[in-house]
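The next block holds one structure in the form of structure tokens; read it before the comments.
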Amino acid sequence: MGLFSKKNLDEKAEMSFIDHLEALRGHLFRSAIAVTIGMIIAGIYNKFIIDQIVLGPIHRDFITFRKICELGQRLGMGDKMCIGKLNVSMQNVDTTGQVSLFFTSLFVSGLVLAFPYVFYEFWKFVKPALTKKELKKTRGVIFWVSFLFFLGILFGYFVLMPFSMNFLGSFSMSDTIQNIWTIKSYINTMMPLVLGAGLAFQLPLVIFFLAKIGLITGKFLRNNRRYAIVIILIIAAIITPPDVVSQIVVTFPLWILYEISILLAAREEKERAKTEKEEWS
């Protein structure tokens, strides 16, 4: 009976390739439903999302611009830090442009709203492949991934977008040239900035995970800091418009996150060494 029980457990544990595909399909299906629900919620509030959120960073009364103006006034600088009217006109030049961009905005909004659940489904798919020891080390991963993602989204939207739009909207080679943006180019600039910041803020978790499994150490990260800064600059150049201000604004927090990652990796290294010492003693 023990043999048969062991055989049944092994058969249950070792899923075939088809079984894995079936499980993956279920996770993807439930994730798609969650994103669809998020899209429906975004669709109900579409006027607010389009006018106040998507197009918010090009308005003079955007909260970031107002807070910067208030800060300048408190510092006794008058209106020097206040943002004037952005010299930008928006237009659509494609027949189905507004329709496709409307659904794109709804999809991205739905994805952001459903992100914690989507990652939860992804984690459920990966979880059976991990050992009990690995599961113990990854406790709270859903919360931290979601927290850092939303933190990056907020940073990208309230910091990167306003600075980028102000620079690009006010930059002009000549007074005779008017900035007339297409809504498509605006959305294509906004999405990588905001979503890219959300993904870039996962850096501490990625490094912490690599430290958990022993692939990197705090010492390795410190010794290769100069190369990491170059990589961070490249990432900043990819997810931001081609202006120095936006790249600096992105580089600084990513560098801070890298330094935090060094501390986390060093801490994990000490804990792993302590655990190994206790096991061998």
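Between Tyr157 and Phe62, the gap from one ring centroid to the other is short of 6.0 Å. Ring pair Tyr120/Tyr117: centre-to-centre distance below 6.0 Å. Between Phe155 and Phe201, a ring centre-to-centre spacing shorter than 6.0 Å is recorded.
Clustering ILVMFWY residues whenever any of their side-chain heavy atoms sit less than 4.5 angstrom apart, transitively, puts Ile44 in the very cluster that holds Leu113.
Considering OG of Ser105 and CE of Met191, their distance stands at 4.5 Å, rounded to 0.5 Å. Taken to the nearest 0.5 Å, the CD atom of Gln91 stands 10.5 Å off from the CD1 atom of Ile183.
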Taking distance alone, no hydrogens or angles, what donor-acceptor pairs closer than 3.5 Å link side-chain atoms of residues 258-265 to residues at least two apart or in another chain?
from   : atom 1 : to     : atom 2 : distance (Å)
Tyr258 : OH     : Leu221 : O      : 2.7
Glu259 : OE1    : Arg225 : NH2    : 3.2
Glu259 : OE2    : Arg225 : NE     : 2.7
Glu259 : OE2    : Trp255 : NE1    : 3.2
Ser261 : OG     : Leu257 : O      : 2.8

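Within 6.0 Å of the OH atom in Tyr227, the count of heavy atoms belonging to other residues, nucleotides or ligands does not exceed 12. Crowding of Gln73 atom CD: a count of heavy atoms from other residues, nucleotides or ligands under 6.0 Å exceeding 12. Few gaps surround NZ on Lys124; more than 12 heavy atoms of other groups in view lie less than 6.0 Å from it. The number of heavy atoms from other shown groups lying within 6.0 Å of CH2 (Trp144) does not exceed 12.
In this structure a side-chain-to-backbone donor-acceptor pair under 3.5 Å is present from Asn224 to Phe220.
Residues passing the salt bridge (Lys or Arg N to Asp or Glu O under 4.0 Å) test with Asp51 are Lys47, sequence neighbours excluded.
The side-chain heavy atoms of Leu55 and Ile58, taken from C-beta on, include a pair separated by under 4.5 Å.
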